[in-house]
Amino acid sequence: MAALEQPCSVLINVNISDTPTEQSLKQDFENGSTAVKVQALKNAIIMMQAGEKMPGLLMHVIRYILPEQDHTIKKLLFIFWEIVPKRDAAGKLLTEMILVCDAYRKDLIHPNEFIRGSTLRFLCKVREPELLEPLMPSIRACLDNKYSYVRRNAVLALYTIYRNFEFLVPDAPELIQGYLEGEQDPSCKRNAFIMLIHTDQQRALSYLQSCIDEIGTFGDILQLVIVELIYKVCQAKPTERAKFIRTVYNLLSSNSASVRYEAAGTLVTLSSTPTAVKAAAKCYVELIVHESDNNVKLVVLDKLMKLQQDHKHDLALQQELSMDVLRILGSTDIEVRRKTLEFLMSLISLRNVKDVVSLLKKEVIKTYSNTDKDQNTKTYQQLLVKALHQCGVKFPITAEIVVPVLMDFLAEGNEKAAESVLEFVREAVTRFENLQPSIIEKLLNSLPSIKSISVLHAGLWILGEYCGTEDQIRSMVDAVLESIGDLPIVDTEIRESTKDDTDTATPTVVTTSRVTADGTYATQSALSTVTNHNDDKPQLRTFLLDGEFFLGAALATALTKLSLRYHQVCPDAQARNKLTAQSMLILASIMHLGKSALPKKPISDDDVDWLSLCVRVLNDRSPVLVSIFTRACRQSLQDMIGTIDLTKLELSEAEKNIVKTDVDALINFSHILSNVNDGQAVDELELSLLQATEVLRRKNQTFLLLLSARYIS
């Protein structure tokens with residue numbers, strides 16, 4: 001059990017079918033080749049990790065394995081010495097470890113830089129000060145080695161030893177400060193600077209102030225550590241912020257994306273002035289635009305959205321940010337575009353809505369010109385339609401621009417986008433009476449080119465409900481007659497079918513070249529016949545022949561409304577009777593077609609009943625039914641839109657009171673803790689955020705301890 005509790009950073013789980021004995025391992029160590037020794041050492045490590053006690057193996061490893069110079073053996077020895085028990089039952093260091101200490105002293109002065117650096121990395125894991133004390137002069141000497149790999153590992157070794165056993169190297173901060181001033185390698189300087197931050201922050205701050213004008217020339221790994229130091233210093237001493245804000249601001253132009261990201265986050269923490277917030281926001285936008293990793297884009301976009309929420313009362317920032325955010329739409333990832341449009345909708349105001357709509361209009365035109373319309377392009381079209389829909393409803397001044405752009409989607413192959421457009425058109429034609437003539441005209445022009453049944457169904461309903469003038473009603477009926485073709489449908493189809501059967505085939509000569517068996521070319525002619533078929537039928541007629549009679553029921557509703565309304569607006573009785581007769585002929589033709597054998601699917605009883613009802617309404621024109629068709633339907637639509645608006649308002653108010661937390665977010669237990677003494681571990685970032693929101697207050701020289709825990713399911 002004691003062996004299992006030894007400190008070790010290595011976990012090995014390997015099933016060995018044939019477990020070697022301690023005696024066989026000793027023989028392999030003593031007489032085996034290098035490959036045999038490597039395998040034996042691996043087996044020994046696995047067995048010791050599994051809890052096997054092999055005290056007699058230690059001396060054989062020292063005698064036969066430790067002198068080996070093979071690099072694989074050297075690596076395995078680091079693991080072996082980490083897990084092997086180094087103390088006896090009384091807690092005293094084993095005498096054999098003196099030989100091990102001498103061997104590693106020799107490795108620390110080895111001419112090979114890999115062996116030196118690897119040994120220094122291993123010493124970071126040693127927890128026996130008796131082993132480390134004789135090695136301290138050699139570790140210090142490695143700071144002057146010509147190889148950067150050795151020097152940076154020497155810094156890490158000194159840092160770990162100072163943190164665990166300060167008495168072994170009490171002058172470590174002073175030593176590292178002097179080393180840092182003469183070091184040129186970025187990785188070595190980074191390690192040294194990190195050590196000063198965590199051991200003697202004042203020395204780290206002194207070094208930073210001495211080279212503050214040269215920070216822009218440092219490597220990105222060192223710049224990241226400098227940003228961390230500035231944040232910590234400014235949180236501990238808020239009066240020092242003015243000294244470092246300019247430095248952090250300059251790091252926003254660093255060549256490293258990581259440095260710019262951290263600098264932007266630190267800048268808005270140190271200062272909430274509009275200049276600092278705008279600079280950080282622009283930095284985030286640039287990162288999103290130029291970063292290739294979509295996951296990084298989403299993370300930075302979340303950061304930008306959080307920044308906007310914290311400064312949502314800054315109208316100038318909102319307007320400037322909305323123009324910058326539009327650049328992110330150039331990304332090809334649909335999730336980035338989706339989140340960008342959602343974010344953009346929260347930035348729109350009367351000041352910038354026209355500019356935003358103009359740029360969204362350009363994005364819509366780009367999707368039209370895109371010949372390769374894959375699923376992502378269609379989804380992007382739907383997102384653009386939704387965004388323009390929100391702009392048009394929220395800001396009526398843009399409806400004139402939005403409606404013509406969206407109406408072009410009706411003839412597109414993207415059915416979902418077209419349905420979203422018609423949903424907006426239905427809402428716009430209800431809300432904005434001044435736009436009704438232009439919307440009706442545009443919809444009438446688009447009617448013959450609509451290819452989707454659901455879109456055509458909704459379009460017929462809108463036209464039947466809102467065509468109110470004589471010209472509009474007449475144009476609508478003419479468009480229906482043109483789209484449905486010659487009437488009656490059944491008789492016309494039978495005549496065309498008979499005509500197709502009597503058509504003569506047109507003979508054509510087809511000539512081809514072939515290669516004969518002897519390699520010469522020969523010409524072969526054949527007479528073929530092609531039968532002429534005329535399948536160019538109107539769109540609405542094609543749908544009815546396919547058995548889509550629910551569309552016929554929608555057409556019956558629209559024609560009934562139009563005929564009844566035409567009786568109210570047209571003074572000419574002959575014209576009224578003519579339009580009613582045309583409508584009744586269309587409905588009767590649809591019912592006749594549905595009961596014939598021509599369509600692919602027969603008409604349902606519900607559709608027959610509805611078509612019959614519409615014919616009776618046109619014939620009787622009962623005042624009650626006329627009122628239902630001409631007034632009650634529109635009132636129901638207005639009530640539905642009002643209910644939707646009220647529901648959205650209630651949901652938005654409810655969302656304001658919802659505290660959203662990620663599933664992997666840290667949980668603070670400060671509310672269940674009693675006051676504790678100063679000097680214990682505190683999450684500085686969380687502390688600063690709580691102070692900024694006035695949640696945390698000092699009470700009589702006591703502090704609340706912030707504990708964070710993560711749920712693990």
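Every heavy atom of this structure was used, including side-chain atoms; hydrogens, water molecules and symmetry mates were not. This chain uses plain numbering: 1 for the first residue, then up along the sequence.
Using a distance-only test at 3.5 Å, with no hydrogens or angles considered, no donor-acceptor pair links the side chain of Ser627 to the main chain of Pro623. Listed for the Asn619 side chain is no donor-acceptor partner under 3.5 Å among the backbone atoms of Val615. Panel note: side chain Ser483, backbone Ala479; no donor-acceptor pair is recorded below 3.5 Å. In this structure, the side chain of Lys297 does not engage the main chain of Ser292 through any donor-acceptor pair within 3.5 Å.
A cation-pi arrangement is present between Arg337 and Tyr380, with the terminal nitrogen or guanidinium carbon under 6.0 Å from the aromatic centre and inside a 45° cone about the axis.
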Next item on the list: Take Leu562 and Ser583 through the side-chain contact (heavy atoms from CB on, under 4.5 Å) test and state the conclusion after the steps.
Entry: CA-CA 9 Å; Leu562 293 173; Ser583 300; over 6 Å; no
Next item on the list: Show your reasoning for whether salt bridge (Lys or Arg N to Asp or Glu O under 4.0 Å) applies to Glu286 and Arg260.
Entry: CA-CA 10 Å; Glu286 292 295 331; Arg260 297 200 300 273; over 6 Å; no
Notebook entry, point to check: Given Arg338 and Glu335, is the salt bridge (Lys or Arg N to Asp or Glu O under 4.0 Å) satisfied, shown in steps?
Noted result: CA-CA 5 Å; Arg338 187 194 308 276; Glu335 290 302 323; 3.6 Å; yes
Margin query: I'd like to know whether Asp302 forms a salt bridge (Lys or Arg N to Asp or Glu O under 4.0 Å) with Lys339, so could you lay out the CA-CA distance, the side-chain angles of the two residues, the decisive distance to 0.1 Å, and finally the verdict.
Written below: CA-CA 9 Å; Asp302 286 335; Lys339 182 168 283 192; 2.8 Å; yes
Margin query: Using the rule given for side-chain hydrogen bond (donor to acceptor under 3.5 Å, both in side chains), can you reason through Ser563 versus Thr580, listing the C-alpha separation, both sets of side-chain angles and the distance that settles it, and then say yes or no?
Written below: CA-CA 6 Å; Ser563 298; Thr580 302; 4.6 Å; no
Checklist line | Glu441/Asn445 under side-chain hydrogen bond (donor to acceptor under 3.5 Å, both in side chains): CA gap, chis, key distance, verdict | finding: CA-CA 6 Å; Glu441 181 181 0; Asn445 295 333; 4.5 Å; no
Notebook entry, point to check: What's the verdict on side-chain hydrogen bond (donor to acceptor under 3.5 Å, both in side chains) for Ser604 and Asp607, showing C-alpha distance, side-chain angles and the deciding distance?
Noted result: CA-CA 5 Å; Ser604 66; Asp607 293 335; 3.0 Å; yes
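At a threshold of 4.5 Å between non-hydrogen side-chain atoms, the residues Arg541 and Thr492 count as touching.
Among all heavy-atom pairs drawn from Leu487 and Ile489, the shortest one is CD2-CG1, 3.7 Å.
Asp310 and Lys306 are joined by a salt bridge, as a carboxylate oxygen and a charged side-chain nitrogen come within less than 4.0 angstrom of each other.
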